[in-house]
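Have a look at the structure below before the remarks.
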Amino acid sequence: MKQNQLKLYNTLSRKKEAFEAINPPFVGMYVCGPTVYGDAHLGHARPAITFDTVYRYLRHLGFKVRYVRNITDVGHLTGDADEGEDKIAKKAKLEQLEPMEVAQQYTDTYHRDMDLLNTLKPSIEPRATGHIPEQIELVESIINEGLAYEVNGSVYFDVLKYNEKKQYGKLSGRVLEDLMSGSRDLDGQGEKRNAADFALWKNAAPEHLMKWQSPWGIGFPGWHLECTAMSSKYLGKHFDIHGGGMDLLFPHHECEIAQGNACNHVDPAKYWMHNNMITINGQKMGKSLGNFITLSELFSGSHDLLEQAYSPMTIRYFILTAHYRSTLDFSNEALKAAQKGYKKLINGLRTCEKLSYTDTNEIEQDSKQMEQINSSIEQAYRAMDDDFNTAQAIGHLFNLLKKINSLHTGQLHPSQIGQEGFQKLIDTFTYFVTEILGLKEEKIDHQEKLLSALLQVYTEAKTARNYQKVDEIRASLKEIGIVVKDMKDKIDWAYEE
RNA sequence: GGUCGCGUGGCCGAGCGGUUAGGCAGAGGUCUGCAAAACCUUGUACAGCGGUUCGAAUCCGCUCGCGACCUCCA
């Protein structure tokens, strides 16, 4: 294990800390997943890619990581006009579908998009609706601790009482007094003892679609409960890393800490990591703002803001070129630049496959070249060790790419860097791009165009009576299962039967 | 209003006290049948004003501008 140098920024301390696993070589990581009531958008891609990279890098360092990312298919209340109504249920009524049908549909598209972005699947992907008993148990346990109270079939977390012994607000840096004055008038506010209290269980109105039987009557779980229930079930009461978007910092993650401490008497996570937002024209991209672009729109180019389609790997690369804690502004110009950068990197990958070491006695080793290569390799890893600075790592990879391209064009001879140096250069570049950054070649799929170009050559060869070439083309196409058909007045092709 | 963060060259985006980040775009060159790619060289950057320091984009203060959270949100 190479955990010695890894540092990560812990929101809890607001500092970069050395990463020390609680129980090495194992690492437990919980990341807040999507609420499946709409297509995944660019904003969903950021945490998915950020924590996929964290997952990949921890595994690279030799850790055995259990990566849990939930699917929220119930719970969260909507704001404003539809106060108190379940988000999933609302969408269901709109489309005349079963709530679970909506959740399933968007879970599927989320998975499809995440696969396209080449994110590794989490070890466990639990659903909120599959953990209702666990959540009820949790509520009971918090009531038993004297930190929650029931009113009209709803249960609220007693933040004031909790704050007597523990500190509510330690993650987000809030002070309880400030919170009590600033809170808005929401549904159920009248039932709460204090404005800062939050719901653990909500009484469901008869027309409410998703509801369950509980000791407090028919209802549904509160906004923050599922993550506490599922993280403690699969990772234990105290685990290594909890991740999510910065917008979840308060109140969601703050409440998770309070819930965890209330029933398990320990902070749920040792390290809290938060990715920053993607902005569009400097403003946060979000569902509620109506300025979001879905991933499938991005992949197909079908959105008014898009000048063209951007491939999944272009998006992945684009996100990796910024540090995860910085905001990243969307623009066609930036995406186009990302597309070129990505392709440059992938062309490097292809060049690596083609290169092989050749020795010659006439050329001496060049220690300066070797130093530059070793330094870039070392710095690329050091950048990852420094709070997963993919942007900086990519910069160093481009420096390596220059060497690779120089080898390819003959401006640098393999002998100058020695066999060992040569292999290290090729291997590191390839491994870093594909395994750590998770970038892969997107093969072009233009079968028709390629075939027609080839058949054009075939036709010309035939006209010129160059039958050797004609046979060659026919043979090579046959190898991939395609037969050339010489018709009376044209040349066509068909799949070999 | 409270809390937190940001402002880097034409664009994106690292850097967080002293070394060329890098990509895209631009200019010049090498290579090339042409082109492309690639390689080499290259430019006006650190919002403004003060301060600390031998030295600041980097630390401190103020000013201006922008954003996030405080309500579901990635």
Side-chain angles (χ1 to χ4, degrees), chain A residues 11 14 16 31-35 37-38 40-51 72 75-80 82-87 90 169 172-175 177-179 181-187 196 198 223 243-252 254 274-279 281-289 292 317-318 320-345 347-348 351 376 379-380 383 386 389-399 401-412:
Chain A
T11 310
R14 300 193 179 266
K16 277 185 203 167
V31 176
C32 288
T35 303
Y37 70 113
H41 56 78
L42 237 193
H44 289 102
R46 177 97 116 147
I49 289 168
T50 296
F51 293 105
T72 297
H76 300 220
L77 299 170
T78 53
D80 296 331
D82 16 65
E83 279 181 24
E85 199 169 3
D86 191 292
K87 206 183 259 177
K90 183 181 174 255
S172 55
R174 310 245 159 174
V175 181
E177 286 86 76
D178 299 340
L179 290 171
S181 55
S183 195
R184 237 180 36 161
D185 198 25
L186 280 172
D187 180 49
F198 57 91
W223 321 346
M246 240 171 210
D247 50 347
L248 298 178
L249 218 154
F250 188 89
H252 186 57
E254 199 68 72
H274 292 94
N275 63 274
N276 214 137
M277 304 290 102
I278 286 186
T279 58
N281 297 323
Q283 209 188 15
K284 185 176 127 177
M285 176 182 291
K287 192 104 194 162
S288 50
L289 295 166
F292 65 99
Y317 174 87
F318 174 64
L320 291 175
T321 52
H323 184 89
Y324 74 91
R325 284 191 287 114
S326 302
T327 54
L328 176 60
D329 198 48
F330 162 90
S331 71
N332 279 287
E333 214 176 356
L335 259 319
K336 281 181 198 167
Q339 182 179 63
K340 292 196 176 185
Y342 157 70
K343 288 191 172 164
K344 190 169 182 173
L345 224 42
N347 280 333
T351 303
S376 290
Q379 288 187 89
D386 186 12
N389 196 332
T390 51
Q392 206 173 54
I394 288 171
H396 295 300
L397 289 181
F398 274 107
N399 287 332
L401 180 56
K402 280 187 183 169
K403 302 298 178 195
I404 290 165
N405 283 329
S406 296
L407 285 169
H408 185 53
T409 55
Q411 281 147 298
L412 179 67

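In what follows, chains carry the letters A, B, and so on, assigned in the order in which the sequence lines appear, proteins first and then strands, with residues in each chain numbered from 1. Remember, it's a predicted structure, so these values are computed and weren't measured experimentally.
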For a quick check of understanding: with a heavy-atom distance under 4.0 Å over all strands, which category does A/G341 fall into, base, sugar-phosphate or nothing?
sugar-phosphate
Using a 4.0 Å heavy-atom cut-off across all strands, classify A/M246 as base, sugar-phosphate, or nothing.
nothing
Distance check: side-chain N/O of A/K343 vs OP1/OP2 of B/G23, anything under 4.0 Å?
no
Proximity to the side chain of A/F250 - top-ranked nucleotide from B/G67, B/C69, B/C24
B/C69
If I pick the C1' atom on B/A21 and the same atom on B/U58, what distance separates them, to the nearest angstrom?
15 Å
Identified stems (criterion: three or more consecutive Watson-Crick or G-U pairs, under 3.5 Å), RNA chain B:
B:1-7 with B:64-70, B:10-12 with B:22-24, B:26-30 with B:38-42, B:47-51 with B:59-63
Base contacts versus sugar-phosphate-only contacts with protein, heavy atoms under 4.0 Å: please encode nucleotides 11-21 of chain B as B, S and - from 5' to 3'.
SSSSS-----B
Have a look at A/K336 and say if it touches a base, only the backbone sugar-phosphate, or nothing, with a 4.0 Å heavy-atom cut-off.
nothing
What contact category does A/L249 fall into here, base, sugar-phosphate, or nothing, at under 4.0 angstrom with non-hydrogen atoms?
nothing
Among B/G22, B/A25, B/C39, which is the nearest nucleotide to the side chain of A/Q411?
B/C39
note: A/N347, atom CG; B/A37, atom P; distance rounded to Å ~ 11 Å
Over all strands shown, is A/K284 touching base, sugar-phosphate only, or nothing at heavy-atom distances under 4.0 angstrom?
base
Atom-to-atom span, CZ of A/R174 to P of B/U3 - whole angstrom
11 Å
Kindly point out which of B/G23, B/A38, B/A25 is positioned nearest to the side chain of A/F398?
B/G23
